Amino acid sequence: MANSKIEELQNRKKELNLTYEHISEKAGLPLSTVQKVLGGNIESPRQSTIEALEKALEMNDVGYPSQPEISIGNQDFAAIIENEYFYVDKTDFIRRWWESADVVTLITRPRRFGKTLNLSMLDYFFSNRHEGSKRLFKEWNIWKDAKYHDIQGQYPVLFISFASIKGRDYGTARQQIIQEIVSLYRNYSFLTSESFMTEMDKSFWNMVGYDMADATAAESLRFLCEILYKYYGKKVLIFLDEYDTPIHEAYTDGFWDSMTGFIRNLFNSTFKTNNYLERAIMTGITRISKESIFSDLNNLKVDTMTNARYDTDFGFTAEEVSEALDKYDLSQKKDDVKKWYDGFKIGNSSDMYNPWSVTQFLDSGVLNNYWANTSENSLVEKLIREGSADIKKNMESLLNGESIEALIDDEIVFNLIDKNESGIISLLLAAGYLKVDITVDEMGVRKKYKVSLTNLEVRHTFEDMIKRWFEDDNVRYNDFIKALFANDIKYMNRFMNEVALSTFSCFDAGNKPSHRNEPERFYHGFVLGLIVELKDKYYVFSNRESGFGRYDICLEPCDKKDPAYILEFKVHDPDDEKDLAATVKNALQQIEDNNYDADLLTRGVKKENIYHYGFAFEGKHVLIG
């Protein structure tokens, strides 16, 4: 037995082309021990030594290669297992969910967090339509529990995805949902010839088509469950992936009421009044408010980022990431990977990693912003860009590495989200852009947390977003910064007026702010741009007294030998100021009166290196002096 095991180890060493030194390091064994055992010079090595060598050479029972191929974007469980692609075992989720006995479960997690793959796994485990699927699970954790052998492959399953429902108007989006439903019916078209189908059953079946009425669509999934129950003698499992995609699109493109009404009726019939439903799971990014689409569902168990039962089933744990990095000889990158992709807190589990980005890094070995490139962040960008001054002020704090205190709603009221700060922060937390640092108050429906940016990748996502605000061909933002550093007032005035003219409307939510409020909207967008553009050279501090129309910015150099800048923004007051030149003069006097130089001098900036500029606003016109 020992000799055959040693022979396997020797062959494995040759196959991987590893040196004794490398194996010694990976196994944590003395080099001499590794040389003697693999050289066949020890007749009966200790079992612990054999196990350490097996681990180092990745000789597991699954028979997977030590560095399996990574199939980027593959969300089909069977394809991954059958082809021996890289996979982190999440099959315990099957057991945890089944033992919960919840009838309808809603699980919300950020984009690309393994939701689709986990539902695919559930489909292959429970569905009676995947012949021979038992083989997919024999080497994984779920198969260690013998009672699950008996229920594998025993249920009719409807697996539906709304991920592609991205129509830009109600008619298109509704038709896309109809197409998903019709596709399910096509899969079971053989049932129409069964003897239990009555004439009325056949009549309704024939009504389900691309031109069906709303009432037929609402009843279609419940009816299909009834027919499947009659055929298989078992109630149906329903797995609905990305349930909220059409809701997000409806909000962004302006057909919220029509879409929520359609989905509310579909969900009520499918998940509430469905006597042929065994259990169901819905996944998405956000928990849409009960009043919007879940008003009739009192059997819904919700699992969110802040209140999670399945805390380690979506995303990678620190241990799983560490093992994967070791497997792909990237152990030296663990600290960097933690900074970039760690930081998600799900329920009681902190240090959860973004699985999409980690997998991309394992494949390429390059630290990059992978998560933000998976789809448009149009909704988030719209809410921040057009948001209030307070939202932009919060973004300033977050980009400066600070935590902010916020009320968090687990339920997102989308049709009111742009009306209040907590709604936007709640969405950012649910979508994974923010993490909970400290719980301040958990009493009541709305909870108070201190939150911050999740990780370095998220920070880069926001930086790229803010840069896009100033990337229009007509926006001379970088030219303004160059003129500022050159102390060229003529060009500062020219470029700042171009920037202001082009970006005032960018920060306007469409509610026609007054001339007095416009500069504050612009001011906070301008500050965010400075934070992003100058992050490696300057600390950017801002303060505002919006009630008095005054806002100031301090640019403190990282290298104290470089110049510092104090910029005072002031709205023109026609009652007290003759013209914009007078407003500039008052702005500069404000800098002197408040002795803004004092802090810079204390921190080592020389007096002669501190520059003062007053910015006077009247409507969209700016004068700098």
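What you are looking at is a predicted structure, and each value in this text was computed from that prediction instead of being measured. Below, each value reflects all heavy atoms present in this structure, side chains not excepted, and no hydrogens, waters or symmetry copies.
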Query - side chain to side chain contact (heavy atoms under 4.5 Å, CB included) evaluation trace for Ile160 with Asp241 - result: CA-CA 6 Å; Ile160 314 160; Asp241 192 29; over 6 Å; no
Test item: side-chain donor near acceptor, [X] and [Y], under 3.5 Å:
X	Y	value
Glu180	Ser161	no
Thr105	Tyr310	no
Asp169	Thr172	yes

Parallel, tilted or perpendicular, as decided by the 30° and 60° cut-offs, for the rings of [Y] and [X]:
X	Y	value
Phe162	Phe267	parallel
Phe137	Phe77	parallel
Phe86	Tyr328	perpendicular
Phe462	Tyr433	tilted
Tyr231	Phe190	perpendicular

Side chains of [X] and [Y]: does their closest heavy-atom pair fall under 4.5 Å?
X	Y	answer
Val337	Asp342	no
Val436	Met305	no
Pro246	Phe262	no
Lys234	Asn128	no
Pro45	Ile6	yes
Asn118	Ile107	no
Leu367	Leu456	no
Pro68	Tyr87	no

State, to 0.1 Å, how close [X] and [Y] come at their nearest heavy-atom pair, and which atoms those are.
X	Y	value
Leu228	Val236	CB-CG2, 3.8 Å
Leu53	Leu38	CD1-CD2, 4.4 Å
Ile288	Phe294	O-CD1, 3.5 Å
Gln152	Tyr124	NE2-O, 3.3 Å
Arg112	Asn354	O-OD1, 3.8 Å
Thr91	Ile142	OG1-N, 3.2 Å

More than 12 heavy atoms of other groups within 6.0 Å of [X] [atom1]:
X	atom1	result
Arg96	CZ	yes
Glu131	CD	no
Glu319	CD	no
Tyr229	OH	no

Requested in this report: Run the ring-centre check on Trp98 versus Tyr155 and record whether the distance is less than 6.0 Å.
Outcome: yes
Query raised in the report: Tyr243 and Phe271: aromatic ring centres closer than 6.0 Å?
Result: no
Report task. Show your reasoning for whether salt bridge (charged side-chain N to carboxylate O under 4.0 Å, His left out) applies to Arg459 and Glu463. Result -> CA-CA 6 Å; Arg459 179 187 172 88; Glu463 289 175 348; 2.8 Å; yes
Report task. Give the C-alpha distance, both sets of side-chain angles, the deciding distance and a yes or no for side chain to side chain contact (heavy atoms under 4.5 Å, CB included) between Lys134 and Trp143. Result -> CA-CA 9 Å; Lys134 183 177 297 186; Trp143 215 250; 3.3 Å; yes
Nearest 0.5 Å, what's the [atom1]-[atom2] distance between [X] and [Y]?
X	Y	atom1	atom2	result
Met395	Ile425	CE	CD1	8.0 Å
Asp123	Ile281	CG	CD1	11.5 Å
Leu277	Thr270	CG	OG1	8.5 Å
Thr317	Asp351	OG1	CG	9.5 Å

Query raised in the report: For Tyr188, is the NZ or CZ atom of Arg129 found under 6.0 angstrom from the centre of its six-membered ring and inside 45 degrees of the ring axis?
Result: yes
Requested in this report: Identify whether the distance between the nearest side-chain nitrogen and carboxylate oxygen of Arg168 and Asp253 falls below 4.0 Å.
Outcome: yes
Report task. Could you check Phe344, Phe316, Phe314 and say which one makes a ring-ring contact (aromatic ring centres under 6.0 Å, His included) with Phe113? Result -> Phe344
Under 3.5 Å, is there a donor-acceptor pair between the side chain of [X] and the main chain of [Y]?
X	Y	value
Asp76	Ala79	yes
Lys333	Val366	no
Lys90	Thr312	yes
Asn455	Gly343	no
Gln67	Lys327	yes
Asn141	Asp92	no

Query - Step-by-step salt bridge (charged side-chain N to carboxylate O under 4.0 Å, His left out) determination, Lys334 to Asp326 - result: CA-CA 9 Å; Lys334 287 181 181 179; Asp326 289 342; 3.1 Å; yes
Requested in this report: Go through the steps for Lys147 and Glu99 under the test salt bridge (charged side-chain N to carboxylate O under 4.0 Å, His left out), then give the verdict.
Outcome: CA-CA 12 Å; Lys147 66 176 178 285; Glu99 290 178 2; 3.8 Å; yes
Requested in this report: Using the test side chain to side chain donor-acceptor pair (under 3.5 Å), find all partners of Ser164 that sit at least two apart in sequence or belong to another chain.
Outcome: none
Requested in this report: Dump the intermediate steps for salt bridge (charged side-chain N to carboxylate O under 4.0 Å, His left out) on Arg287 and Asp409, then the final yes or no.
Outcome: CA-CA 9 Å; Arg287 176 185 180 181; Asp409 294 305; over 6 Å; no
